[in-house]
Each structure stands twice: as structure tokens, then as C-alpha cells.
Amino acid sequence: MKLITAVIKPIRVETVSKELEKAGFSGLSVSEIQGRGAQAGRTEYYRGQAFAVEFRTKMCIELLVDENDVDKAIDVIVAAARTGDDGEIGDGKVWVTPVERVVRVRTGELDEAAI
Amino acid sequence: MEPADTAWILAAFALVLLMFPGLAMLYGGMLNGRNVLNMVLMVLSSLAVTAVVYVAVGHGMVLGESVGGAGIIGNPFEFSFFSTMMEDDGSGGPLWAAFYILFAGISVALVASGAAGRMKFGAWLVFVAVWVLLVYAPLGHWVFAFSDEETGVIGGWMRNRLGLHDFAGGTAIHLNAGAAGLALALVLGRRRAGVSRPHNLPLMLVGVALLCTGWMGFNGATAGGANFLAQYVTLTSLLALAGGMLGFITIERFRDGHATMLGLGTGAIAGLVGITPVADAVGPVGALMVGFVAASAAAWAITWKRRHRIDDALDVFAIHGIAGITGSLFAVFFANAAAPAGISGIVFGGGFDLLWREGIALLVTMVYSFAMTYAIAWTMNKIVPIRVSAEDEEIGLDRSVHAETAYEGRTF
């Protein structure tokens with residue numbers, strides 16, 4: 001079992017979710033996060049005063065998958081999250097971490113049966 | 001009072017009351033999300049404390065007969081406890097009393113901007129009472145108390161002896177609040193966290209909308225009744241508001257590269273500040289220009305002030321001081337004799353005496369308000385420090401001073 005974490009642009013979150021659902025991944029969690037990466041901050045003006053906005057808002061998608069489905073899920077996420085023709089700086093990152101145990105609260109099922 | 005006049009002033013009173021939540025939202029939205037409730041409390045409590053002061057001695061000090069005929073301060077006890085307000089003598093006493101409480105209250109509420117995010121709340125309440133008595137009351141008397149030759153009542157020196165033209169309180173209210181806000185900011189010192197970006201611009205916009213709505217009642221009711229003057233100043237106020245919006249965003253476009261909503265709203269207010277003293281003295285095209293020039297001047301003053309690192313957090317000096325001075329001086333040169341006030345600006349053949357009359361009034365107002373406010377805040381601070389602790393300031397005044405927060409689980 002693996003946990004896939006994807007940090008992506010907010011405008012892509014619905015597309016990624018829909019594509020994952022089409023590919024058979026029904027469950028996931030989404031959260032709004034702030035952070036910094038290769039993409040530069042931006043400048044905003046308030047009554048003529050320039051403010052550097054250091055952190056950008058991104059969406060974080062997390063989903064638990066069976067080991068055999070990891071590659072498929074990553075391909076779906078990367079394809080759906082990429083913006084522009086060749087992708088752009090700030091499109092995000094996807095990473096995979098091992099998971100020791102999963103329990104379904106309703107039935108008490110364990111591990112693969114619980115995903 | 002004629003019934004139509006009473007009806008209009010009653011309606012205008014309700015409009016002006018909207019300026020308080022309006023100002024609270026405008027100022028609250030412009031701060032960070034940890035000091036917004038404190039700012040709302042400061043603005044609204046200004047009205048509450050002012051009303052108490054007014055019931056005791058405030059109304060007499062402003063509108064009462066001048067003590068010793070000197071034109072300096074009204075008789076504090078002329079309306080004490082409003083005991084004269086309970087019978088109808090036909091002069092609209094209770095209505096004007098209520099109305100003038102709002103004038104004084106909004107003036108001191110504007111001063112709250114200079115204390116944004118760093119003043120003890122108890123100290124603020126004391127400051128409001130002292131400020132209304134020592135700063136607003138004399139200035140109000142100088143400008144709002146008209147002499148009456150028939151009854152022999154003597155009013156304030158600025159209006160009657162100097163011959164100041166100030167339609168609806170450009171000196172006693174706006175320039176006064178601007179200078180006082182600056183003085184309070186200087187005594188308190190800069191915020192430790194530095195300048196933060198506004199946390200809620202839509203809230204600020206709702207505040208601007210309410211403030212502008214109220215302003216129509218403010219200027220409109222200063223006409224004194226349901227008459228042609230009220231019609232005229234409503235029109236010129238609208239035109240100055242429009243000119244103000246355009247003036248500020250024009251400066252922004254060329255200086256920063258973008259027109260912003262915050263700038264548009266700020267310009268609307270600066271335009272209204274500019275027209276307030278001269279709404280009855282300029283022509284319609286002049287009103288548009290008053291708004292445009294006043295807002296441009298405010299936009300310039302904000303940048304100038306930043307360079308001097310003065311933490312007047314919400315720019316009250318630029319928007320209410322500089323824009324007000326600009327509006328007054330514009331009328332000195334471009335007043336249109338065909339407007340209800342019947343004054344000719346210097347450019348249209350008017351005398352130069354207008355320049356020194358207005359100049360003295362503006363200078364005295366600014367110097368008196370700044371010096372007296374500085375003295376009040378400085379003295380209070382010597383007795384008991386009026387600034388919150390560094391820790392409370394870091395936590396944000398909403399939580400540290402009032403034990404409530406505007407937004408769940410978020411720090412801006």
C-alpha cells in the first residue's frame with residue numbers, strides 16, 4: 001500500500017479528481033495549502049505600497065492505492081495536472097510514501113481490502 | 001422647522017448613522033485579520049463615548065453661546081443633560097442634538113485609524129472622551145456655532161470673525177481627524193510587525209459603500225432642510241465622488257501600473273472629503289475637478305508619508321487631511337459665484353482675502369488638532385502606558401484584548 005501525495009495548481013484540482021475517478025480511484029482527500037517552490041512569488045499593490053506575496057496557494061491531493069496501481073495513478077495525475085502545452089513552472093509535484101496499515105472504520109477491514 | 005425639513009433631516013440622520021459601521025468595515029478590512037474586531041470596537045465605541053460626553057457638556061461646548069463672547073468655546077452647561085430637549089420649541093433641538101453627536105462621533109472614529117493594532121482599549125475609551133472635550137469641542141465651536149445678530153448670540157471665531165467658508169466640516173471634522181490621527185500614530189509608534197496587506201477587500205468595499213451613502217446625508221442635511229441647497233450639494237457630492245474615483249486610479253495606473261479596487265474606493269472617499277467644505281461653492285464641473293484633484297493629492301501624500309516611515313496605518317492624514325486642504329484651496333481659486341454660496345474664486349475675479357481666511361483656518365485647525373492630540377496622548381502615556389505589550393500585539397488585539405477572533409483557525 002502506498003500513499004500518493006500530489007501538490008498541484010488549484011485550477012487543476014477538479015480535472016485531476018475527475019480523471020482519477022474515471023481510472024477507478026474513487027477515494028481521495030483534498031486540502032488547500034500554502035508554500036514555495038520554483039515558481040516565483042508575486043507582487044501586489046495596496047494604495048501604492050508593493051507587497052511581495054511569498055507563499056502561493058496550491059491544492060494537496062492525497063490518496064491511498066494498492067502497490068500495483070501506483071504507476072497508473074501517477075500517470076493520471078501528472079497528465080491531468082500539467083498546464084500549457086509542455087507544462088509550466090508551478091505545476092506541482094507528486095510523491096509516493098509507503099503505508100504500514102489501513103483500517104476501514106465501518107467494517108474493520110484491513111489493508112488492501114480497506115483501500 | 002417645517003415638516004418637510006424635519007422629515008429630510010430625520011432621514012439624513014439615519015444615513016449618517018450608517019457611516020459608523022461603514023468606517024468600521026473599511027478600516028477593519030484594511031488591517032490584518034487579527035486586529036479587525038478591535039478596530040470595529042474602536043470605531044463604534046467612539047459613538048458611544050461621544051454621546052455620553054454630549055449629554056453632559058459636549059453639545060453646549062460646541063453649539064452653546066460663546067463663553068465671554070470670545071468665540072473660543074461654547075457654554076458647557078447650556079444644554080446640560082439635554083433637559084431643554086424635552087419640550088418642542090419648534091427649532092428642532094433634539095434632532096440637531098442627535099445629528100451633532102454623529103458629527104463629533106465620526107470625527108473621533110476617524111482618529112482610531114492612527115491607533116490601529118496597538119492601543120489598549122480602555123485607554124482608547126478615555127482618549128475619546130478627552131479628545132472630544134479638548135480637541136473637537138473647541139474646533140466644532142469655532143466652525144459650527146453661527147452668531148445671531150437678532151438675538152445677540154455670539155458664535156465661534158473662525159466662522160464669524162475670520163469669515164471662514166466651510167460648508168460641512170472640512171476643518172473641524174476632516175482636517176482635524178487627519179492631523180489628530182497622525183499625532184496619535186506618532187505617540188504610539190510604529191507597529192512591530194510592520195505594514196500588513198489588507199486582509200479583506202470585499203469587506204472594505206462594503207464599508208466604503210456605507211460611508212459614501214452616509215456622506216450624502218451628511219452633506220445633504222448640512223443644508224439645513226429640504227431645500228434647493230440640499231439638492232445642489234447632493235449633486236456636487238456625487239460628482240466629487242466620481243472625480244475622486246477617477247483621480248486615484250489614474251495616479252495608480254501611472255505610478256504602480258495597475259488600477260486597484262482599494263484605490264477606487266479610497267479615491268471615492270478622498271473626493272468626498274474634498275467636496276465637503278466647498279459643496280455649495282463650486283460649479284458642477286468644479287465639483288468633478290475637486291474630487292479628481294483631492295484624490296490625486298491624497299494618492300501622492302500616501303506615498304510621501306510612507307517614505308517618512310510614519311505608521312498612520314490607514315492613511316487618515318492623507319485622505320482626510322490632504323484631500324480636505326486640497327478641496328478648500330481649490331475653491332479659493334475656482335469657486336463659482338453662481339453656486340449657492342455666491343463666492344467668486346480668485347481666478348474668477350474674487351478677492352485674495354479668501355486665500356488668507358482659508359489659509360489661517362486650515363493652519364490653525366491643523367496645528368491645534370495635532371498639538372493638542374499629541375499632548376493628550378503623550379500625557380496619558382506618561383500616566384499609564386497606552387500601548388499594548390509586545391506579546392499582545394503579536395497575538396493580535398482581537399484575541400489578546402477582546403478574547404474573540406474574527407476568523408476560525410486562521411492567522412493572516
Side-chain angles (χ1 to χ4, degrees), chain A residues 3-17 27-64 81 83-84 87-95 97 99 102-103 105, chain B residues 26-27 29-32 113 193-201 204 208 248-270 295-296 298-307 309-319 322-323 409-412:
Chain A
L3 171 68
I4 299 181
T5 308
V7 171
I8 61 169
K9 281 188 173 167
I11 51 164
R12 285 286 157 168
V13 74
E14 278 184 35
T15 316
V16 170
S17 170
L28 52 79
S29 334
V30 176
S31 49
E32 190 183 296
I33 56 166
Q34 304 260 311
R36 182 165 61 196
Q39 193 179 13
R42 61 176 194 281
T43 307
E44 294 181 354
Y45 290 90
Y46 297 96
R47 282 186 178 165
Q49 173 127 351
F51 283 90
V53 180
E54 191 181 0
F55 298 124
R56 290 204 168 240
T57 301
K58 297 283 169 189
M59 297 301 277
C60 179
I61 295 181
E62 291 171 302
L63 66 159
L64 291 163
T83 60
E88 284 173 17
I89 290 172
D91 278 352
K93 274 190 181 58
V94 183
W95 61 90
T97 39
V99 172
V102 179
V103 184
V105 171
Chain B
L26 160 61
Y27 282 174
M30 279 194 62
L31 294 175
N32 65 28
S113 62
V195 180
S196 56
R197 63 197 250 256
H199 88 282
N200 192 335
L201 288 181
M204 171 266 176
V208 169
F248 205 101
I249 60 171
T250 303
I251 297 279
E252 278 193 321
R253 176 66 183 80
F254 288 106
R255 188 183 58 194
D256 315 325
H258 312 272
T260 68
M261 191 209 80
L262 179 60
L264 188 92
T266 307
I269 292 167
S296 305
W300 165 81
I302 288 170
T303 319
W304 176 87
K305 183 209 69 182
R306 292 243 172 76
R307 229 174 287 141
R309 305 180 62 74
I310 302 163
D311 197 6
D312 160 19
L314 302 162
D315 308 313
V316 71
F317 183 68
I319 295 164
I322 299 294
R410 298 188 76 163
T411 53
F412 291 87

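FYI, side chains are in, hydrogens and waters are out, and symmetry mates aren't considered; it's all heavy atoms of this structure. Per chain, numbering begins at 1; letters A, B, ... match sequence-line order.
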Within 6.0 Å of CD in A:Glu14, more than 12 heavy atoms from elsewhere:
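No, not enclosed.
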
Could you tell me whether A:Ile11 atom CD1 has more than 12 heavy atoms of other residues or ligands within 6.0 Å of it?
yes

Are any non-hydrogen side-chain atoms of B:His258 and A:Tyr45 less than 4.5 angstrom apart?
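Yes; the side chains approach each other to less than 4.5 Å.
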
Relative to chain A, which segment of [X] carries a heavy atom at a distance below 4.5 Å: side chain, backbone, both, or neither?
| X | value |
| --- | --- |
| B:Met261 | neither |
| B:Ile249 | neither |
| B:Arg255 | side chain |

Please name the pair of heavy atoms, one in B:Ile302 and one in A:Arg47, separated by the smallest distance, quoted to 0.1 Å.
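For B:Ile302 versus A:Arg47, the nearest heavy atoms are CG2-O, 3.7 Å.
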
Tell me, for A:Phe51 versus chain B, whether the close heavy atoms (under 4.5 Å) come from the side chain, the backbone, both or neither.
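Looking at A:Phe51, just its side chain touches chain B.
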
Heavy-atom proximity to chain B below 4.5 Å, by part of A:Gln49
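Answer is both: backbone and side chain atoms of A:Gln49 are under 4.5 Å from chain B.
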
Could you tell me which of B:Leu201, B:Ile251, B:Thr260, B:Asp315 has the largest number of non-hydrogen atom pairs under 4.5 Å with chain A?
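Option with the top pair count is B:Asp315.
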
